[in-house]
Amino acid sequence: MATSTTGGSADAAPRVSVLGLGDMGSAIARTFAERGYRTTVWNRTAGKAAPLAEAGAAVAATAAEATQASPLVVVCLLDTAAVEQVLASLGDAVEGRVLVNLTSGSPAQARGHARWAGEHGADYIDGKIMGDPPYVGTPNIMFPFSGSREAFQAHEAALKELGTIAYHGEDAGAAAVEFMAQVAVGYELLIGFLHTLRLVRAEGVDAEEFTGRVAASMAGYPPLLESMAKAVKTGEYGPDLGSLNVQAALMDDMISHRESLGVEAVRMREVKRLMDRRIADGHGDQGFSSLFELLPPRG
Ligand code: NDP
C-alpha cells in the first residue's frame with residue numbers, strides 16, 4: 001500500500017507513468033494516484049486526463065514527456081497497432097525505462113515489443129489483464145506478467161497495487177500464452193453451457209435452478225482437471241470418467257437426445273468420433289484424457 005511504499009513523504013514516493021486513459025488505463029492510473037504514487041498520465045484524447053488530474057496525477061502533453069517522467073511506464077491502449085504508434089513516438093525518452101505493457105495481444109506481439117524495447121535501451125515486461133476495470137486495485141483481478149525478471153522484481157510492489165499478480169518467466173510472450181489459454185478454457189466451457197441451457201429449456205427445466213445444481217457439481221472439476229493434466233503429462237491414461245467403451249455408448253444417447261430437440265450436438269459428435277477412433281486403436285479401457293493423443297498437433 002502507498003503509505004508503506006512511499007514512506008509518507010511526497011518526494012520519496014515512487015513515480016509511475018500511465019500511457020492510455022481508456023476505461024482500463026484510467027482505473028490503473030487512479031489506483032496509483034490514490035495510493036500515493038507520483039503518477040503522470042498521458043492520453044491521445046487529452047480531455048480524458050481531467051478526472052486523473054483531479055485525483056492528483058500530473059498530465060503530460062505527449063507520450064514522450066510522460067515516459068520521461070518516471071522509471072516505470074505502464075502502457076494500456078486499445079491494441080497492438082496503438083502500442084506500436086505510441087512507442088514509435090517516444091524517441092530517446094524510453095531509454096533506461098521499464099515498460100510494462102498491459103495491452104491485450106498475442107505472445108508474438110509481446111515478444112516483438114520486448115525486442116523493440118531492448119533495441120531502444122529499455123526493459124520490457126508484458127502483462128495481461130484478467131478482470132474488469134472496477135476490480136483494479138482489488139485481489140479480484142488477475143495480472144499474469146512475463147519478461148525481464150530483474151525489472152519485474154524491482155517494480156513488483158507497484159504492480160501488486162493493481163491486483164493479484166503472477167510472474168510467468170523471462171519469455172515476454174508467456175503472460176499472453178497464459179491469458180489466451182485461460183480465456184480459451186472459459187469460452188469453450190461457456191459456449192457448451194449456453195447450448196446446454198437450450199437443451200434444459202427445451203425440456204421445460206428452469207435454467208436458473210439447473211444452473212445452481214451445475215455450480216454445485218463444478219466443485220468436483222478441479223481435482224479432475226489436475227488428474228487429467230497429470231495423465232497428459234505422463235502418457236499414463238487411467239479410466240477417468242469411466243472406460244471409453246462405456247462412455248462411447250452414453251455419447252450415442254446424448255447426441256440423439258440433443259438432436260431430437262434440435263439442440264446443437266457438434267462437440268458431442270467430436271467427442272464420440274475421437275472415442276471411436278481410440279477404441280478402434282485398442283484403447284477402449286482408457287479414459288477421457290486419452291483422447292488427447294488424437295488431438296493436433298500430435299507429439
Ligand atoms: P478503451 O477503448 O476504453 O481505451 C482505449 C485506449 O487506447 C484509449 O486511451 C485510446 O485513446 C487509446 N488508443 C486507441 N488507439 C490509439 C492510437 N492509435 N494511439 C494512441 N492511443 C490510442 O479500452 P480499455 O481501456 O478498456 O482497454 C485497454 C486494454 O485493456 C485493451 O487492450 C483491452 O483489451 C484490455 N482489457 C480491458 C478490459 C476491460 O474490461 N475494459 C478487460 C481486460 C483487458 P483515445 O482516448 O484517444 O481514444
Side-chain angles (χ1 to χ4, degrees), residues 16-34 39-55 57-70 72-91 93-94 97 99-114 116-117 124-147 159 161-166 168 172-187 190:
V16 61
S17 294
V18 179
L19 310 185
L21 299 174
D23 292 344
M24 190 54 90
S26 291
I28 289 167
R30 179 172 292 279
T31 300
F32 284 130
E34 289 181 350
T39 307
T40 302
V41 296
W42 170 83
N43 194 59
R44 178 180 63 176
T45 305
K48 287 190 190 167
L52 276 308
E54 275 174 34
V59 180
T62 64
E65 190 184 311
T67 301
Q68 194 77 59
S70 310
L72 177 64
V73 180
V74 176
V75 180
C76 190
L77 300 166
L78 181 64
D79 57 15
T80 290
V83 172
E84 285 174 353
Q85 275 185 19
V86 171
L87 292 186
S89 76
L90 297 184
V94 75
R97 300 291 179 266
L99 283 180
V100 176
N101 178 30
L102 296 175
T103 306
S104 294
S106 70
Q109 288 165 340
R111 291 174 191 131
H113 296 318
W116 183 93
Y124 183 81
I125 301 171
D126 200 74
K128 293 292 166 264
I129 307 170
M130 293 161 61
D132 297 332
Y135 294 104
V136 173
T138 78
N140 301 324
I141 182 166
M142 299 276 305
F143 292 82
F145 288 104
S146 61
L159 299 177
E161 302 284 5
L162 301 179
T164 301
I165 67 171
H168 289 266
V177 170
E178 175 72 9
F179 174 76
M180 296 278 178
Q182 291 267 5
V183 171
V185 169
Y187 277 124
L190 295 176

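First listed ligand is number 1; within each ligand, the first listed atom is number 1.
Distance from atom 2 (O) of ligand 1 to its nearest protein heavy atom, with residue and atom name: Leu78 CD1, 4.0 Å. Of all protein heavy atoms, the one lying nearest to atom 45 (P) of ligand 1 is Thr45 OG1, 3.4 Å. Atom 29 (C) of ligand 1 has as its closest protein heavy atom Leu77 O, 3.2 Å. Among all protein heavy atoms, the one lying closest to atom 27 (O) of ligand 1 is Met24 CB, 4.0 Å. Nearest protein neighbour of atom 46 (O) of ligand 1, counting heavy atoms only, is Lys48 NZ, 2.6 Å. Summary of contacts: the protein heavy atom closest to atom 34 (O) of ligand 1 is Ser104 OG, 2.7 Å.
Atoms of ligand 1 lying under 4.0 Å from any heavy atom of Gly131, numbered from 1 in the order shown and given with element: 42 (C), 43 (C). Listed by number with element, the atoms of ligand 1 under 4.0 angstrom from any heavy atom of Thr103 are 32 (O).
Taking any N or O of Leu102, backbone or side chain, none lies under 3.5 Å from an N or O belonging to ligand 1.
Contact detail for Ala29 and Thr39: the closest heavy-atom pair is O-CG2, 4.0 Å. Among all heavy-atom pairs drawn from Pro144 and Glu178, the shortest one is CB-CG, 4.0 Å.
At a distance under 4.0 Å, a protein heavy atom can be found next to atom 7 (O) of ligand 1.
Remark: the backbone N or O of Asp79 is not paired with any side-chain donor or acceptor of Thr103 at under 3.5 angstrom. With hydrogens and angles disregarded, a donor-acceptor distance shorter than 3.5 Å links the side chain of Arg97 to the backbone of Gln68.
Residue-level proximity to ligand 1 for Leu21 is carried by the backbone, the only part with a heavy atom below 4.0 angstrom.
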